[in-house]
Amino acid sequence: MKDPADHSQSAVAAGLLSEDDVVRSVMAHLKAGGWTIESFALSHQHGDDIVAVRGMEKLLVEAKGEGSSRVGSRRHGLAFNRNQVRTHVSVAVVRAMQVVSSAHAAAAIALPSNVLHRSEVTRIAVALRMIGVQVFWVAADGSVELQA
């Protein structure tokens, strides 16, 4: 079985992070921090992108990529524009708010570390902190930074 953290056949090599790349990078980061991955869903699967547990803590992560990874789509291989990034960040934040409202897990979003995604999150960073939503930034090399 292929290791879900293996980036060898991913868009990372092409310089464009897919949602699957973001999921794999954040899972590796969480594992290194002592978390156990309870479940995950790649872009072609249904379910929460990442569900991780550590002791009594549970974390649900909603991930987004920086371009369409769907082969055959009109925008395959192209980076999302500002409006598409805004929509994807909005979808991720709404899912995180649903998790926070359910009170059964902590919530996080995971996004590519690029100018457009960072710009969108900067506009709502105070609100995200107020409701306890963590933000994981994934760099082109697959490294992960937790926003302070």
Side-chain angles (χ1 to χ4, degrees), residues 1-70 79-148:
M1 182 171 151
K2 185 176 173 182
D3 180 353
D6 179 15
H7 293 277
S8 61
Q9 306 228 343
S10 70
V12 170
L16 192 65
L17 291 171
S18 70
E19 182 174 316
D20 291 353
D21 296 323
V22 172
V23 167
R24 288 180 180 113
S25 294
V26 172
M27 285 194 305
H29 176 80
L30 290 170
K31 286 179 187 177
W35 291 86
T36 299
I37 305 304
E38 187 174 277
S39 66
F40 68 94
L42 298 177
S43 60
H44 63 282
Q45 300 169 315
H46 294 288
D48 290 311
D49 292 335
I50 303 171
V51 179
V53 293
R54 182 172 64 186
M56 298 299 292
E57 297 175 278
K58 187 174 205 172
L59 177 67
L60 271 69
V61 182
E62 179 67 22
K64 298 295 173 193
E66 64 184 332
S68 175
S69 60
R70 194 178 54 191
F80 292 133
N81 63 36
R82 182 173 299 282
N83 287 335
Q84 290 169 310
V85 167
R86 181 173 293 133
T87 297
H88 289 131
V89 170
S90 298
V91 168
V93 169
V94 167
R95 178 61 186 131
M97 290 170 65
Q98 291 169 338
V99 171
V100 169
S101 294
S102 74
H104 77 277
I109 60 175
L111 304 167
S113 181
N114 62 38
V115 172
L116 291 179
H117 282 89
R118 283 189 176 268
S119 175
E120 284 303 312
V121 171
T122 296
R123 297 171 57 207
I124 59 171
V126 171
L128 291 175
R129 277 192 297 276
M130 288 175 67
I131 63 172
V133 174
Q134 299 174 66
V135 180
F136 291 102
W137 293 110
V138 179
D141 66 1
S143 63
V144 177
E145 167 197 353
L146 181 59
Q147 182 166 311

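Just so it is clear, the model here is predicted, and its values are computed rather than measured. Keep in mind that the numbers below use all heavy atoms, side chains included, and drop hydrogens, waters and symmetry copies.
- Side chain to side chain, S143 and D141 meet the donor-acceptor criterion of an N or O pair below 3.5 Å.
- Between V135 and the choices L128, I124, V89, the side chain to side chain contact (heavy atoms under 4.5 Å, CB included) rule is met once, by L128.
- Going from atom OG1 of T36 over to atom CZ of R54 covers 10.0 Å, rounded to the nearest 0.5 Å.
- A salt bridge links R118 to E145: one of the charged nitrogens lies within less than 4.0 Å of a carboxylate oxygen.
- Within the 4.5 Å cutoff, side-chain heavy atoms of W35 are placed close to those of L59.
- With a 4.5 Å cut-off on side-chain heavy atoms, D21 and V138 do not count as touching.
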**Q.** side chain to side chain contact (heavy atoms under 4.5 Å, CB included) evaluation trace for W137 with L111
**A.** CA-CA 5 Å; W137 293 110; L111 304 167; 3.8 Å; yes

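- Put simply, the side chain of V93 reaches to within 4.5 Å of the side chain of I109, judged on heavy atoms.
- Within the 4.5 Å cutoff, the side chain of V51 has no heavy atoms near those of the I37 side chain.
- The two residues Q147 and A125 make their nearest non-hydrogen contact at NE2-CB, 3.8 Å.
- Using a cutoff of 4.0 Å between basic side-chain nitrogens and carboxylate oxygens, D49 and R95 are not scored as salt-bridged.
- A donor-acceptor pair under 3.5 Å links the side-chain atoms of S102 to the main chain of V99, judged by distance alone.
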**Q.** Stepwise side chain to side chain contact (heavy atoms under 4.5 Å, CB included) check, V126 with M130
**A.** CA-CA 6 Å; V126 171; M130 288 175 67; 4.0 Å; yes

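- Using a 4.5 Å heavy-atom threshold, the side chains of F136 and L30 count as touching.
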Q: Take N83 and T87 through the test side chain to side chain contact (heavy atoms under 4.5 Å, CB included) and record every step on the way to the result.
A: CA-CA 6 Å; N83 287 335; T87 297; 5.5 Å; no

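- Atom NE2 in H104 sits 5.5 Å away from atom NZ in K58 (nearest 0.5 Å).
- Between the side chain of S101 and the backbone N or O of M97, at least one donor-acceptor pair lies under 3.5 Å.
- Taking all atoms of both residues into account, the shortest heavy-atom contact from V22 to G65 is CG2-CA, 4.3 Å.
- H88 and F80 have tilted rings, their planes meeting at an angle from 30° to 60° on a 0 to 90° scale.
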Q | side chain to side chain contact (heavy atoms under 4.5 Å, CB included) evaluation trace for I50 with L60 | A | CA-CA 6 Å; I50 303 171; L60 271 69; over 6 Å; no

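- Using a 4.5 Å heavy-atom threshold, the side chains of K64 and V91 count as touching.
- Separation of atoms CG (L17) and CZ (R24) is listed at 11.5 Å; rounding is to 0.5 Å.
- E66 places none of its side-chain heavy atoms less than 4.5 Å from the side chain of S18.
- Considering every non-hydrogen atom in both V61 and A110, the closest pair reads CG1-CB, 3.8 Å.
- Formation of a donor-acceptor pair under 3.5 Å by the S113 side chain with backbone atoms of A139 is not found in this model.
- Within the 4.5 Å cutoff, the side chain of R86 has heavy atoms near those of the R123 side chain.
- Closest approach of G47 to A41, counting heavy atoms only: O-CB, 3.8 Å.
- Side-chain atoms of D20 come within 3.5 Å of backbone N or O of S43 as a donor-acceptor pair.
- Between the side chain of E120 and the backbone N or O of H117, no donor-acceptor pair lies under 3.5 Å.
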